[in-house]
K.L.:
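I am attaching a structure below and will ask some questions about it afterwards.
This one's a predicted model, so the numbers in the text were calculated from it and none came from an experiment. Note on naming: letters A, B, ... go to the chains in the order of the sequence lines (proteins, then strands), and numbering restarts at 1 for each one.
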Amino acid sequence: MIHFENVGLRYGVGPEILKDISFHIEAGSFHFLTGPSGTGKSTLLQLLFLALRPTRGLISMFGHDIATLSGRRLPRLRRRIGVVFQEFRLLDHLTTFDNVALPLRIQGGRESEYRHDVEELLNWVGLGERVYAHPPLLSGGEKQRAAIARAVIGQPDLLLADEPTGNVDPQLAERLLRLFIELNRLGTTVVIATHDHSLMAQFEDAPVWHLNNGYIEVLR
Amino acid sequence: MIHFENVGLRYGVGPEILKDISFHIEAGSFHFLTGPSGTGKSTLLQLLFLALRPTRGLISMFGHDIATLSGRRLPRLRRRIGVVFQEFRLLDHLTTFDNVALPLRIQGGRESEYRHDVEELLNWVGLGERVYAHPPLLSGGEKQRAAIARAVIGQPDLLLADEPTGNVDPQLAERLLRLFIELNRLGTTVVIATHDHSLMAQFEDAPVWHLNNGYIEVLR
Amino acid sequence: MAQNKDHIRGRNKTGGEKKPEQRKSAPIMPASGVAGRPLLIAITIMCYFASVTIGSVALITNIVDNWTSQISSQVTVQIKPVGTTSQADQITAAVTILKATKGILSALPQTAKEASRMLEPWLGAGNVLEDLPIPRLILVRIDQKDPPDLKALALKLRQQVQGAVLDDHSQWQSELTRTATAIRLAAMSILVLVILTTISIVIFATRAAMAGNRDIVEVLHMIGARQGYIARQFQIHFLFLGIKAGIIGVLLGAGTFLAFNFTLGATSGSDILNAANNAFIGPLALHPQGFAYLLAVPPVAAFIGVLTSRYSVLRFLSAMI
Amino acid sequence: MAQNKDHIRGRNKTGGEKKPEQRKSAPIMPASGVAGRPLLIAITIMCYFASVTIGSVALITNIVDNWTSQISSQVTVQIKPVGTTSQADQITAAVTILKATKGILSALPQTAKEASRMLEPWLGAGNVLEDLPIPRLILVRIDQKDPPDLKALALKLRQQVQGAVLDDHSQWQSELTRTATAIRLAAMSILVLVILTTISIVIFATRAAMAGNRDIVEVLHMIGARQGYIARQFQIHFLFLGIKAGIIGVLLGAGTFLAFNFTLGATSGSDILNAANNAFIGPLALHPQGFAYLLAVPPVAAFIGVLTSRYSVLRFLSAMI
Ligand SMILES: Nc1ncnc2c1ncn2[C@@H]1O[C@H](COP(=O)(O)OP(=O)(O)OP(=O)(O)O)[C@@H](O)[C@H]1O
Ligand SMILES: Nc1ncnc2c1ncn2[C@@H]1O[C@H](COP(=O)(O)OP(=O)(O)OP(=O)(O)O)[C@@H](O)[C@H]1O
Ligand SMILES: [Mg+2]
Ligand SMILES: [Mg+2]
């Protein structure tokens, strides 16, 4: 489903962050991505999310070579991808409910159709009581969970999560991991970047990729 | 140095987040604050930082009863407190250097005087190579370290850190903890809110306060 | 915008949120964040300026048209009090000649009173005695479709009636038209300036709105919203803003002209102006058609708002992948 | 502002930053974020409008002063061609009386040519024959400090010189003054509108800037910056913006008046206007003092900018603890 071949990336004239990345991600797989702070995990996720183009190398996603993909077709591809940003990126003027429902809304969904799903998901991530609060009124962990809910609400084909448990307690982290695993069972390909070793320890089946100095090393 | 007596806080007409908090923090002490996500850790830190006023109860800081403190005297008190916000709150248009130097700058410091200190501190937190980058170009962990550097640059009397290691790898977390401990040795009172059990395990001398359901329980 | 987030209770202030029953999905782009009150005021005043300018142009155009058509459809024959023939006889003779000429619709001699009233502004009221021998005019209306040969007519009059001089106003006409055109150009350039200012304000406002709502734009972009969809979230606010500001501005503008008309009508006021009016200018009031022109302001303002904001948004978005 | 962050290379675009040697500390509040180009244009145009309006008021005031002083320091005696005495004798008699009266500086009879030229616009050039018996005027300059008793003088003239009428222009004067006052009021209200618009734009801009720089304000507040310090970060930009916009606006405005003066001087142009000028209005050109008034625009614009932005910032800050 995703194919990287000799992908390199540098920001402007800076040093090369990613040097020679080649891998293949099967549809329906589950991957952890780890590595020291500032090594390029978020950068790699941005490549996967089509928010960055590589300086060299080949990326193909969902069967499209992204170098030849026109800008007009990107929105449709993006809708198949759910992302949990490291900085959450919730919209402050919308309620938690509206934030989570946003991906459905821009695709033309009607509130009556998705209301139930959204509320159920918010209950699952422990935001049942904060459904109509605005993000500035949420705690750090609550924001993070809202961001996760927004990423998964559309049952995307690919889920990218960047440090999704950095602001929650261990119990909650485990609960969120179960959500990702559940989603994966239903067919979503999952890539999670994280520093949390105990989290990775909880799902032994998933391979762990270690990014360091611009190269990927498969840890397990 | 800090004294809370029967402090309660509710946001607007919502439920009481903090119910009956009483404690005393000695000058020069080091405290961990933990508890489930959404329980009120950040809220408590905001009270300590004078960004919120309690709905009831008494708070005195640095010998002032904050209820009777006039707004004109708050800036001076705030300058004695360093804060690491959970959301970093760096200024995007300033370089890392300028961001970290900001507290010195608004106090009328001259760049030639503080340049060396700032650069040394940035080296210590591992940002030596990103001194002149703007925050939008930093990785999550790099931002977090810049936020920490800004909080400690002025050698504050009180350091409040909200989840300061949520975005860095375990090695770096340990290094940052050592920075806090060093600062504490030099006389700064430190309060760290965190979910990271391994971090708390590394500094056994510090008492751990567990916040839950609006009450504080002393764990060790 | 600051007001952008006013409706979100600040973290430091209040809590509590609406119960499910009460709420409705908020618009993706908050109206207050895109187009706040000061912007409305600024654009309203621009629309007011535009209305006043358009109205003035209409007024001036009307006056000039009046002049031009009056003057070109009318010539005068001046009968000077000379020689031995009585002025009355001179006038009769001239009128007879005029009426016999093909292409002349009517020839109306001034009474002595009218003639002396025309001189009043120059000589002071009551100073022009009836028995003062002043020139008299014959107002001649010409059939513009089939005008007579004015040169031949002038010659004939000069030869046959002593002291009769044909004045076809051509010098006047060109002078007046030149002056009027200059005034009109000035008004037009003010109109252009007003439009430029409005565009600047809208560009500024969109950019500001874009910055205030940068997160929104980025998030929408990232969850796969199309560019047109994002632009529409802004446009809609500028559409309403333009219409609102336009309508208020036009109403104020129309009010100004109405007040102006009313004042000019009410004051027995400036006799000089009135005399001038009646002689050359025609009523100094905006005609209904002029008011109709003002109706163009709201749609144009809305159009400028929508187009400028759309352009700004798309330009901003095109910088992203 | 969108341009606010333009200088930060977008995360998606470039990397690399300046080497230590090259850099200097950035201002705490980015200039581009507070006062971008479209804002400059908008406020410049406002300043231009203000300049033109102020200039016009000065011009009109000047004209009215001209009228008033000319008219009140001057009366005319009209000598009608009546009776048996020759007009020249009538004039001589009247002048003798006038010169003998205390408080009269000079008494200057019109020549026959001048008299007929005054009627030209009414009767057409060349139509006023020299031998046409028209009234003649004597222009009388009065010592305003020690004016004669005009009523007594009028009576005396009427009795001693046949057909002599004293006209003290009082009717005219009040009419002209009334008209001028109306025009002046209109210009003043335009000026007020322009100022209101400018204030609105500045308020809008500060609020927008405040929103775009909300983080900056909050962070400054939280690290212990005083309110005045924060407000100054905004004010400085509006100060420079006001001065810049003011200067450009005034230059444009002055240019407009210069062009106007030049055009009026250059065209042999409209004889009517010129005639009118010379008779009543005085030169239709802005005098140097009028240009001097324009110099008020930049400081006032800067003042409005600084004050409005300061007020907006402090109001915003007072909402925080
Ligand atoms: N301004 C506010 N208005 C209303 N409710 C708020 C506000 N700020 C926080 N809350 C609520 O108060 C509770 C405590 O929030 P707080 O941020 O203190 O939690 P926390 O312990 O820091 O959580 P986390 O570990 O997730 O950061 C949360 O339920 C949050 O939604
Ligand atoms: N837009 C950019 N321009 C220049 N450099 C950038 C940009 N974005 C990131 N970088 C740099 O690239 C490196 C990798 O950043 P990235 O965010 O991918 O790290 P990361 O592995 O996610 O780190 P963390 O665990 O701290 O989040 C960092 O040194 C960062 O400073
Ligand atoms: Mg990262
Ligand atoms: Mg928190």
K.L.:
Is the closest side-chain heavy-atom distance between C/Val219 and A/Arg150 below 4.5 Å?
P.N.:
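The answer is yes, as the side chains (C-beta and beyond) meet within the 4.5 Å cut-off.
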K.L.:
So with a 6.0 Å cut-off around OH of C/Tyr229, is the heavy-atom count from everything else above 12?
P.N.:
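Atom OH in C/Tyr229 is crowded, with more than 12 foreign heavy atoms closer than 6.0 Å.
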K.L.:
Quick one: what part of A/Leu90 sits under 4.5 Å from any heavy atom of chain C, side chain, backbone, both or neither?
P.N.:
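No part of it gets close to chain C.
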K.L.:
Would you compute the distance between atom CD1 of C/Ile28 and atom CG of A/Leu91 and round it to the nearest 0.5 angstrom?
P.N.:
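It comes to 8.5 Å.
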K.L.:
Any chance you could measure C/Ile223, atom CD1, to A/Asn99, atom CG, to the nearest 0.5 Å?
P.N.:
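Answer for the CD1-CG pair, C/Ile223 versus A/Asn99, is 9.0 Å.
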K.L.:
With only heavy atoms counted, which part of A/Arg105 is less than 4.5 Å from chain C, the side chain, the backbone, both or neither?
P.N.:
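Both parts, backbone and side chain.
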K.L.:
For atom CZ of C/Arg315, is the number of surrounding heavy atoms from other residues, nucleotides or ligands below 6.0 Å larger than 12?
P.N.:
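No, not enclosed.
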K.L.:
If you draw a 6.0 Å radius around CZ in A/Phe62, do more than 12 non-hydrogen atoms from other residues or ligands fall strictly inside?
P.N.:
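Counting neighbours around CZ of A/Phe62, more than 12 heavy atoms of other residues, nucleotides or ligands fall under 6.0 Å, so yes.
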K.L.:
Does C/Phe240, at its CZ atom, have more than 12 non-hydrogen atoms belonging to other residues, nucleotides or ligands within less than 6.0 Å?
P.N.:
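No, the 6.0 Å shell around CZ holds no more than 12 heavy atoms from other groups.
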K.L.:
What heavy-atom pair brings C/Ala26 and A/Asp98 nearest, and what distance separates the two atoms?
P.N.:
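Scanning both residues, the minimum pair turns out to be N-OD2, 3.2 Å.
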K.L.:
Is the NZ atom of C/Lys244 crowded by more than 12 outside heavy atoms at less than 6.0 Å?
P.N.:
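Atom NZ in C/Lys244 is not crowded, with 12 or fewer foreign heavy atoms closer than 6.0 Å.
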K.L.:
Do A/Arg79 side-chain atoms and C/Gly224 backbone N/O form a donor-acceptor pair below 3.5 Å?
P.N.:
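At least one qualifying donor-acceptor pair exists.
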K.L.:
For the residue pair A/His93 and C/Met29, establish whether any side-chain heavy-atom pair is separated by less than 4.5 Å.
P.N.:
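Heavy-atom side-chain distance check fails, nothing below 4.5 Å.
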K.L.:
Please look at A/Leu102 and chain C and tell me whether the side chain, the backbone, both or neither of the residue comes under 4.5 angstrom of a heavy atom of that chain.
P.N.:
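Contact with chain C is through both the backbone and side chain of A/Leu102.
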K.L.:
Run the numbers on A/Arg76 and C/Arg226 for side chain to side chain contact (heavy atoms under 4.5 Å, CB included), then give the verdict.
P.N.:
CA-CA 9 Å; A/Arg76 181 171 305 169; C/Arg226 297 209 169 75; 4.2 Å; yes
K.L.:
Any side-chain heavy atom of C/His221 sitting closer than 4.5 Å to one from A/Arg78?
P.N.:
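When only atoms from C-beta onward are counted, A/Arg78 and C/His221 do touch, with a gap below 4.5 Å.
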K.L.:
To check you understand the geometry: which heavy-atom pair defines the closest contact between C/Met222 and A/Phe85, and what is its length?
P.N.:
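Residues C/Met222 and A/Phe85, closest heavy atoms: SD-CZ, 3.3 Å.
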